[in-house]
Amino acid sequence: KPHELKSSWEHMQPFLHLVPKQLLPLNSNKQPIEVRPTTFIKPWDTNAHTPVKSFWVKASGKLPDDPLVHERLLTYISDWGILECSIMPHKIGMWSPGLQMASLSHNMVFHRPFKLDEQWLCHAMYSPTSSGGRGYSLGEFWNEDGELVASTSQEGLIRYAPKVKD
């Protein structure tokens with residue numbers, strides 16, 4: 001359950017000295033959307049991992065009652081980390097120098113109404129395949145009652161060209 005997990009912000013506090021300057025504001029300040037990963041993998045970790053990840057999300061403050069606001073915000077959130085699943089088995093960290101990723105397609109289907117400021121949603125993601133410079137990942141948003149709220153998919157271009165030292 002999300003109430004028992006640490007937020008990404010809490011996980012990153014001991015490592016702020018390792019955070020690149022351009023990402024420091026994102027990692028040193030609490031954000032309007034709280035993210036609580038079920039398993040925390042440091043973004044510089046280059047060990048191979050099973051291409052599966054999940055996190056709980058909830059808005060930190062009150063949102064308008066308009067369902068379209070909630071759907072648009074969840075669409076934005078659905079891009080967070082889904083493509084990362086496809087690099088997890090390849091011994092590359094998200095912050096590895098030379099890693100470049102770009103979305104080629106991103107799809108979302110909404111199955112039932114939700115309120116992102118009133119309930120936690122879990123984005124469960126996995127990558128069934130990644131090869132030839134492309135990654136493909138699927139995801140599902142579940143509410144705390146175990147109901148499927150939305151489904152996601154993303155295909156991305158992935159290039160890893162580490163700089164060679166002279």
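Quick note: numbers below take in every heavy atom, side chains included, and nothing from hydrogens, waters or symmetry partners.
Lys42 places no side-chain N or O within 3.5 Å of a backbone atom of Gly93 that could act as its donor or acceptor partner. Proximity of a side-chain donor or acceptor of Ser86 to a complementary backbone N or O of Ser130 within less than 3.5 Å is not detected. Using modelled atom types, no side-chain atom of His70 and backbone atom of Asp65 make a donor-acceptor pair closer than 3.5 Å. Side-chain atoms of His49 never come within 3.5 Å of backbone atoms of Met88 as a donor-acceptor pair (strictly under, hydrogens ignored). When atom types are taken as modelled, the side chain of Ser8 and the backbone of Arg36 share no donor-acceptor pair closer than 3.5 angstrom. The closest donor-acceptor contact from the side chain of Asn143 to the backbone of Asp145 lies under 3.5 Å. A donor-acceptor pair under 3.5 Å is absent between the side-chain atoms of Ser7 and the main chain of Glu34, judged by distance alone.
Closest approach of Glu84 and Met101 over heavy atoms only: N-CE, 4.0 Å. The minimum heavy-atom distance linking Leu138 with Ser153 is given by the pair CD2-CB, 3.5 Å. Smallest separation of non-hydrogen atoms from Thr38 and Ser54: OG1-OG, 2.7 Å. What you find for Ser78 and Thr152 is that their closest heavy atoms are CB-CG2, 3.6 Å.
A ring-ring contact (aromatic ring centres under 6.0 Å, His included) with His123 is found for one member of Trp56, Tyr76, Phe141, Trp80 and no other, namely Phe141.
Atom OG of Ser137 and atom NE2 of His106 lie 10.0 Å apart (nearest 0.5 Å). Between Leu121 atom CG and Phe114 atom CZ the span is 6.5 Å, to the nearest 0.5 Å. Separating the NE2 atom in His111 from the CG atom in Leu148 is a distance of 4.0 Å, to the nearest 0.5 Å. The distance from the OG atom of Ser103 to the CD atom of Gln154 is 4.0 Å, given to the nearest 0.5 Å. In this structure, CG on Leu63 lies 6.5 Å from CD1 on Ile33, to the nearest 0.5 angstrom. Interatomic distance, NE2 of His90 versus OH of Tyr160, reported as 13.0 Å (0.5 Å rounding).
For the pair Pro67/Pro113, no side-chain contact is recorded, criterion being any heavy-atom separation below 4.5 Å from C-beta on. Residues Leu99 and Ile158 have side chains in contact (heavy-atom distance under 4.5 Å, counting atoms from C-beta outward). The shortest side-chain heavy-atom distance between Glu144 and Pro2 falls under the 4.5 Å cut-off. Side-chain contact between Leu74 and Met108 is present, with heavy atoms from C-beta onward closer than 4.5 Å.
No continuous path of ILVMFWY side-chain contacts below 4.5 Å connects Trp120 to Trp142, so the two sit in separate hydrophobic clusters. Cluster membership for Phe110 and Val57, using ILVMFWY side-chain heavy atoms within less than 4.5 angstrom, is shared. Ile92 and Trp95 fall within the same hydrophobic cluster, where Ile, Leu, Val, Met, Phe, Trp and Tyr residues are linked whenever their side-chain heavy atoms come under 4.5 Å apart, directly or through other members. In this structure, Met94 is a member of the same hydrophobic cluster as Leu83, with clusters built from ILVMFWY side-chain heavy atoms closer than 4.5 Å. Linking Ile, Leu, Val, Met, Phe, Trp and Tyr whenever their side-chain heavy atoms come within less than 4.5 Å puts Val35 and Met125 in one cluster.
Using modelled atom types, one finds a donor on one side chain and an acceptor on the other under 3.5 Å when comparing Asp45 with Asn47.
Around the CZ atom of Arg112, the shell of radius 6.0 Å holds more than 12 heavy atoms that belong to other residues, nucleotides or ligands.
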